[in-house]
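What follows is a single structure, written as structure tokens, with notes after it.
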Amino acid sequence: MEETISLHDIFKTIRKRLLLIISTFILAVSIAGGVSYFLLTPVYEASTQILISQKDVENKQFIQQDVQTNLQLINTYSVIIKSPVILTKVVDNLNLNDSLEVLNKNINVSSEQDSQVINVSVQNTNLKEAVEIANTTAEVFQEEIPKLMNVDNVKILSPAVEIKNSKPIRPNPILNMAIAALIGLMIGVGIAFLIEYLDKTIKTEQDISEIVELQILGLISPISQKKSKKKKKNKKKKGELDV
């Protein structure tokens, strides 16, 4: 016959293995918190914005086609910002120990939809260094882009600034601990049901009823040794009195 698990059986198993589930939950949260706070290196992020447009826009009429052309060039500008032409000068100006590959990986260039504004974000384990790299990258790009393309108006809208008590973008201990709590709870419940499934020992009369698939008609209570000894003594006393 197929085995079915009722809602009562589920709650019974959880209640029976509650200590195991709680222990797994606490262990997972503790490990995640310990790793996040003590083992992982904090990473900070600094950002700057660059506006790229044609010079003297106020003195000439811009048609829609020109705007679309500039927007399509945003991807080209993003590639140029992360190219060796720009990053080599950034490394030289700041005397960085990082290679161009590492610096390229730590710089993220993005743009808002239908906008000529480019966001340059830099991630680094040192907040001050991240700010310096972001600002220097924007400055070098501002100097070099007129030589590379027909662009003569590049403005830095908002340079990166170092904010005191700034929180790192990662790791996020609270998020890590929340995820670990969920995973620990799932693992604890899974182990509890696995142990219950593998446990074939007979502990109660209900276990016997489930195995033989028959109802229990009656129970024979166990007689303790103390009671049996008392009964024997009582019988001996009665026998002596009869004599």
Side-chain angles (χ1 to χ4, degrees), residues 1-47 98 101-110 112-113 119 121-127 129-130 163-232:
M1 295 180 65
E2 294 183 358
E3 294 185 2
T4 58
I5 301 177
S6 64
L7 190 61
H8 174 74
D9 294 332
I10 293 175
F11 283 110
K12 180 182 176 182
T13 301
I14 292 176
R15 186 172 63 252
K16 183 179 178 182
R17 308 290 179 180
L18 187 60
L19 182 60
L20 171 64
I21 296 173
I22 294 176
S23 300
T24 308
F25 173 84
I26 295 175
L27 180 62
V29 173
S30 301
I31 292 175
V35 171
S36 299
Y37 281 109
F38 302 109
L39 295 182
L40 296 180
T41 304
V43 176
Y44 298 89
E45 185 177 64
S47 302
D98 297 336
E101 291 77 10
V102 173
L103 187 59
N104 186 298
K105 183 180 179 181
N106 292 335
I107 295 178
N108 181 43
V109 181
S110 62
E112 297 294 335
Q113 187 176 5
N119 299 314
S121 301
V122 178
Q123 295 182 3
N124 198 288
T125 54
N126 187 297
L127 178 59
E129 190 169 325
I163 302 174
K164 292 183 178 180
N165 300 324
S166 179
K167 294 183 179 179
I169 59 170
R170 64 175 189 271
N172 187 339
I174 303 300
L175 178 61
N176 292 345
M177 292 170 68
I179 296 174
L182 181 60
I183 295 176
L185 191 62
M186 294 173 61
I187 292 176
V189 172
I191 293 175
F193 278 97
L194 179 62
I195 293 175
E196 195 68 20
Y197 176 77
L198 297 177
D199 187 7
K200 301 299 182 181
T201 58
I202 299 174
K203 297 182 178 66
T204 64
E205 61 274 7
Q206 187 64 32
D207 295 336
I208 299 175
S209 176
E210 292 176 357
I211 293 174
V212 299
E213 298 180 0
L214 295 174
Q215 292 183 352
I216 298 174
L217 300 179
L219 299 174
I220 300 176
S221 301
I223 301 174
S224 63
Q225 294 182 355
K226 291 182 179 180
K227 289 183 179 181
S228 62
K229 288 180 179 180
K230 286 182 180 180
K231 288 182 178 181
K232 289 181 180 179

Search all heavy atoms of [X] against all heavy atoms of [Y] and return the closest pair with its distance.
X: Tyr44; Y: Ser166; answer: CE2-O, 3.2 Å
X: Ala32; Y: Met177; answer: CB-CA, 4.1 Å
X: Gly184; Y: Thr24; answer: O-CG2, 3.3 Å

Roughly how far, to the nearest 0.5 Å, is [atom2] of [Y] from [atom1] of [X]?
X: Glu129; Y: Asn106; atom1: CD; atom2: CG; result: 9.5 Å
X: Ile187; Y: Leu27; atom1: CD1; atom2: CG; result: 9.0 Å
X: Ile14; Y: Leu20; atom1: CD1; atom2: CG; result: 11.5 Å
X: Glu196; Y: Arg17; atom1: CD; atom2: CZ; result: 5.0 Å
X: Lys105; Y: Glu101; atom1: NZ; atom2: CD; result: 11.5 Å
X: Ile10; Y: Phe193; atom1: CD1; atom2: CZ; result: 5.0 Å

Within the 4.5 Å heavy-atom criterion, are [X] and [Y] side-chain neighbours or not?
X: Leu185; Y: Ile21; value: yes
X: Asn108; Y: Gln123; value: no
X: Ile107; Y: Val109; value: yes

For Ser110 and Asn119, what are the C-alpha separation, side-chain angles and deciding distance, and is it a side-chain contact (heavy atoms from CB on, under 4.5 Å)?
-> CA-CA 5 Å; Ser110 62; Asn119 299 314; 3.7 Å; yes

Just jot down the side chain to side chain contact (heavy atoms under 4.5 Å, CB included) partners of Ala178, sequence neighbours excluded, or say none.
->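 Counting only residues at least two positions away or on another chain, Ala178 forms no side chain to side chain contact (heavy atoms under 4.5 Å, CB included).
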
Partners meeting side chain to side chain contact (heavy atoms under 4.5 Å, CB included) with Leu175 (sequence neighbours left out) |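 Listed in chain order: Asn172, Ile179.
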
Dump the intermediate steps for side chain to side chain donor-acceptor pair (under 3.5 Å) on Asn176 and Ser36, then the final yes or no.
-> CA-CA 7 Å; Asn176 292 345; Ser36 299; 3.0 Å; yes

